[in-house]
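Just so it is clear: chains get the letters A, B, ... in the order the sequence lines come, proteins before strands, and each one is counted from 1.
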Amino acid sequence: MSEKLIEVKGLKKYFKVKAGLLHAVDDVNFHIDKGETLGLVGESGCGKSTTGRTLIRLIEADVGEILFDGQDIRKLDKRQLKAFRQNMQMVFQDPYSSLNPRLSIFDLIAEPLMNISEYARDSKRVQERVEELMDTVGLSRRLVNSYPHELDGGRRQRVGIARALSVKPGFLVLDEPVSALDVCIQAQVINLLKRLQQQLDLTYLFISHDLSVVKHISNRIAVMYLGKIVELSDRNTIFQKPQHPYTKALLSAIPIPSIHVNRQRVILKGDVPSPVNPPDGCRFAGRCPYVQDRCRKECPELREVEPGHFVACHF
Amino acid sequence: MEQATKTKRKSGQFSSVMRSLRKNRMAMVGLVILILLILVAIFADFIAPYPYDQQDLMNMRALPSAEHIFGTDEYGRDIFSRVIYGSRLSLVVGFISVGIALVVGGILGAVAGFYGGVLDDIIMRCMDILLAIPQVLLAIAIIASLGNGLINLMIAVGISSIPSYARIVRASVMTIRSEEYIEAARASGTGDAKIIAKHILPNCLAPVIVQVTLGIANAILSCAALSFIGLGITPPSPEWGAMLSGARNYILTYPHLAVYPGLAIVITVLALNLLGDGLRDALDPKLKR
């Protein structure tokens, strides 16, 4: 067994809305080993991004523990948290709105460095570090004084990655880093992320709704539905032997570029129920083709059906 | 090789803004007019042909002539000289009272918009209270409590226009606060004050600049209104707004009394507007060529 870098226990985040409590993240448990990539998939609004943001305390969780190398980061005070930010950074979804349009590429990449006193006093070191980072992520150095609107989406996202890497974090939350890019740029960025992971010994939480992208980069995959993890396993198991009916439906929706494959599509009926005041019982009960009475009454816990494969289903 | 290219940093924000400002012809016109006005204010003693309070009772309300190029007012004082001297008071009053309103209103608005919640409610309700009192009445009350005088006049006009700046800044801060780059800044450990100063305020400059350029004209006129009822600037001192309101009795018979101070205000405001527009564009990297 490899070493656990991140361990999340009983993480909950409810938002107060007019209609009641919105259960964005509801009792989520998982861990990420050092150097691996955990893919977090699910449809829009299922709480994947909220999970990622609570992990690095951009959103404060309501309940639960987030252990980073055994230390509960939810207990850090303001100053400790500021120092701790060096260990975990985030790459955002939209490279157009995640870069301040008024700052040059240099200032953007240097921003996290400026919060570390040893760099803030030494402009030469900042300069060197920014140049080094631009080389690392494959940005040509002549762009250093450009502004974000002058770059294309792929380059912008490279700036976002360079910014996240500037303080040498061990853990990165990648919040749909490629979904705003077109397909061939997606591949470039994914390959860059994979290369960086090996070079710099990084641990990733890769949030995405695109299963083929997640399959390409992840070691293990967690599937989320309405604030809960419904299935968690290593990549191959999920794709070959999905157990949870939601995962099956999700996987059957991946387009296959061939007309010869005879596939069985699992078509789900109905819509995702509202995460505001969700009913007791299994969240998926309303749409599950195998639904039983028990599902409506009792919420299934995540249990290990075989080593390393967790499913939240009664059957 | 790309690697060998030296990455040279820009020579500073100011020079790059000036460079793009210089390419904007209208903005340069505004800047030149403004500089001229400031020079006129500084060297009024040398430019004006007569002292501003010298009366020529033989030539009351004279039409423009070689002797008095803008004519004379109801006490026979040379209007040209008064307009020249008036630039001192008017510019100082305009800039300082807007400066007070901008700094106080801007900080209050930024804090209210950024933190939201109870703090926002408290600040904005205070602004509503200020807004509920008519501006002139509020200024009268402030002058009444602080005492008469030029500085108190500027403070009074400044305070009474705080709410409009606070509202504009708050509104734009609120739209920018939810941008992803604010979250990114927070993720990289940047503190709130720095986020406001570095990320939020530069991005809400555009509406503020427009408000400032119009606000200066407004401040000049508010001062005139107050001077008219005997608060702030006292009669013999020349001030454009005060001259304008003094001339309103003669507007049908001797229009030149009102035209020249009015023109001076119009030119000042126009110059500020042109410069403000250019400045807004020059500060926006997206419009930089």
Asks: Report which part of Arg57(A) has an atom under 4.5 Å of a heavy atom belonging to chain B: side chain, backbone, both, or neither.
Replies: neither
Asks: Leu103(A) versus chain B, heavy atoms under 4.5 Å apart: side chain, backbone, both or neither?
Replies: side chain
Asks: Quick one: pull up CD in Glu180(B) and OG in Ser97(A) and give me the separation to the nearest 0.5 Å.
Replies: 4.0 Å
Asks: Locate the shortest heavy-atom distance separating Asn203(B) from Pro101(A); write the atom from each residue and the value.
Replies: OD1-CG, 3.7 Å
Asks: Is it true that, when you exclude Lys194(B) itself, more than 12 heavy atoms of the residues, nucleotides or ligands shown sit nearer than 6.0 Å to its NZ?
Replies: yes
Asks: Looking at every heavy atom in both Ile56(A) and Ala187(B), which two are closest together, and how far apart are they?
Replies: CD1-CB, 4.4 Å
Asks: What pair of heavy atoms forms the shortest contact from Pro202(B) to Arg102(A), and how long is it?
Replies: O-NE, 2.7 Å
Asks: Can you tell me how far apart CD (Glu183(B)) and CD1 (Ile59(A)) are? Round to the nearest 0.5 Å.
Replies: 6.5 Å
Asks: Going by heavy atoms in the side chains, are Ser188(B) and Arg85(A) under 4.5 Å from each other?
Replies: no
Asks: Let me know if Gln86(A) has heavy atoms under 4.5 Å from chain B in its side chain, its backbone, both or neither.
Replies: neither
Asks: For chain A, which of Arg186(B), Glu179(B), His199(B) has the most heavy-atom pairs under 4.5 Å?
Replies: His199(B)
Asks: Has Leu200(A) got more than 12 heavy atoms of other residues, nucleotides or ligands less than 6.0 Å from its CG?
Replies: yes
Asks: Under 4.5 Å from any heavy atom of chain B, what part of Leu58(A) do you find: side chain, backbone, both or neither?
Replies: side chain
Asks: Return the option, out of Arg163(A), Met114(A), Met88(A), Glu111(A), with the maximum number of heavy-atom pairs under 4.5 Å with chain B.
Replies: Glu111(A)
Asks: Check whether Lys198(B) gets within reach of chain A through its side chain, its backbone, both or neither, counting any heavy atom under 4.5 Å.
Replies: both
Asks: Tell me the closest heavy-atom pair linking Lys82(A) and Gly189(B), and the distance in Å.
Replies: CE-O, 3.0 Å
